[in-house]
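Below: the structure, in structure tokens.
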Amino acid sequence: MTDDEILNAWNAICKVINKDNDDLKSDILNHVGNKWSLFVIHTLGVDGRMRFSNLQKNITGISQKMLTKCVRELERDGLISRTVYPEVPPRVEYELTSLGRGFLVQVTPLWYWIANSVEQFKEARGNYEKSK
């Protein structure tokens with residue numbers, strides 16, 4: 001991006017970021033910005049509707065407790081939906097809502113940029129370690 005493009009993007013962001021609903025914005029940013037929530041959003045975006053156990057299998061390293069916390073927060077904020085089927089045993093499935101799909105569209109470029117910048121990150125970390 002050029003400096004002008006960055007400045008224009010920043011100005012557009014500043015028009016939206018204001019004191020209105022700061023607590024809500026901060027709360028949402030805190031939990032949608034954590035790695036587990038991003039993995040849940042990504043997994044549901046790639047694989048579609050899933051049961052809790054399948055989500056857990058697809059997200060390496062997440063505990064049942066953390067996954068429960070994540071899906072509850074994401075559901076509360078309207079990013080995923082939870083459907084309970086009246087069966088024995090009960091079946092519960094999660095999927096992205098339109099708001100969740102919109103969020104996924106916004107964060108995908110960030111993931112892409114990180115993936116394509118891995119070598120630069122490695123070099124920067126190596127340089128940092130050498131300087132210490």
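Heavy-atom basis, side chains included; hydrogens, waters and symmetry copies ignored.
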**Q.** Nearest atoms (heavy-atom pairs only) where I59 meets I62
**A.** O-CG2, 3.2 Å
Q. Are V84 and L55 connected in the hydrophobic side-chain network, where two residues link if heavy atoms are under 4.5 Å apart?
A. yes
Q. Is there a side chain to side chain contact (heavy atoms under 4.5 Å, CB included) between W36 and L67 once you walk through the steps?
A. CA-CA 7 Å; W36 297 125; L67 182 55; over 6 Å; no
(Q) Quick check on side chain to side chain contact (heavy atoms under 4.5 Å, CB included): which of I41, V46, V40, D47 does L44 satisfy it with? (A) V40
Q | Those residues that, when tested against E75, pass salt bridge (Lys or Arg N to Asp or Glu O under 4.0 Å) (two or more places apart) | A | none
**Q.** Least distance between heavy atoms, Q64 atom then Q56 atom
**A.** N-NE2, 3.2 Å
Q: Go through K69 and E73 one step at a time and tell me if the side chain to side chain contact (heavy atoms under 4.5 Å, CB included) criterion holds.
A: CA-CA 6 Å; K69 181 179 185 289; E73 288 174 342; 3.0 Å; yes
(Q) With rounding to the nearest 0.5 angstrom, report the CZ to CZ distance, R76 to R82. (A) 15.0 Å
Q) Ring centres of F121 and W113 under 6.0 Å apart? A) yes
Q: For atom CZ of F52, decide whether the heavy atoms of other residues, nucleotides or ligands shown that lie under 6.0 angstrom number more than 12.
A: yes
(Q) Tell me whether the count of non-hydrogen atoms from other residues, nucleotides or ligands lying under 6.0 Å of CD in E87 goes above 12. (A) yes
Q.
To the nearest 0.5 Å, what is the distance between CD1 on I28 and OG on S37?
A. 11.5 Å
Q | Shortest non-hydrogen separation from G33 to L38 and the atoms involved | A | O-CD1, 3.9 Å
Q.
So which atom in D77 and which in L99 form the shortest heavy-atom distance, rounded to 0.1 Å?
A. O-CD2, 3.5 Å
Q) Between the main-chain N or O of D4 and the side-chain N or O of N8, is there a donor-acceptor pair closer than 3.5 Å? A) yes
Q. Is atom CZ of R72 surrounded by more than 12 heavy atoms (other residues, nucleotides or ligands) closer than 6.0 Å?
A. no
Q: Using the side chain to side chain contact (heavy atoms under 4.5 Å, CB included) rule, take M50 and E93 through it: C-alpha gap first, then chi angles, then the decisive distance, then the call.
A: CA-CA 5 Å; M50 297 181 88; E93 294 180 339; over 6 Å; no
Q. Do any N or O atoms from the side chain of T2 and from the backbone of E5 form a donor-acceptor pair under 3.5 angstrom?
A. yes
Q | Salt bridge present between E129 and R125 (N-O < 4.0 angstrom) | A | no
**Q.** Beyond-backbone contact of L79 with L96, side-chain heavy atoms, under 4.5 angstrom
**A.** no
Q.
Keeping T97 on the side-chain end and S81 on the backbone end, is there a donor-acceptor pair under 3.5 Å?
A. no
Q. When you look at L110 and I114, which way does the side chain to side chain contact (heavy atoms under 4.5 Å, CB included) test go after all the steps?
A. CA-CA 6 Å; L110 176 61; I114 290 169; 4.1 Å; yes
(Q) With heavy-atom distances below 4.5 Å as the criterion, would you say the side chains of V92 and Y94 are in contact? (A) yes
Q) Within a radius of less than 6.0 Å around OH of Y85, do more than 12 heavy atoms belonging to other residues, nucleotides or ligands occur? A) yes
**Q.** Value rounded to 0.5 Å, distance of NE2 in H42 from CG in N58
**A.** 10.5 Å
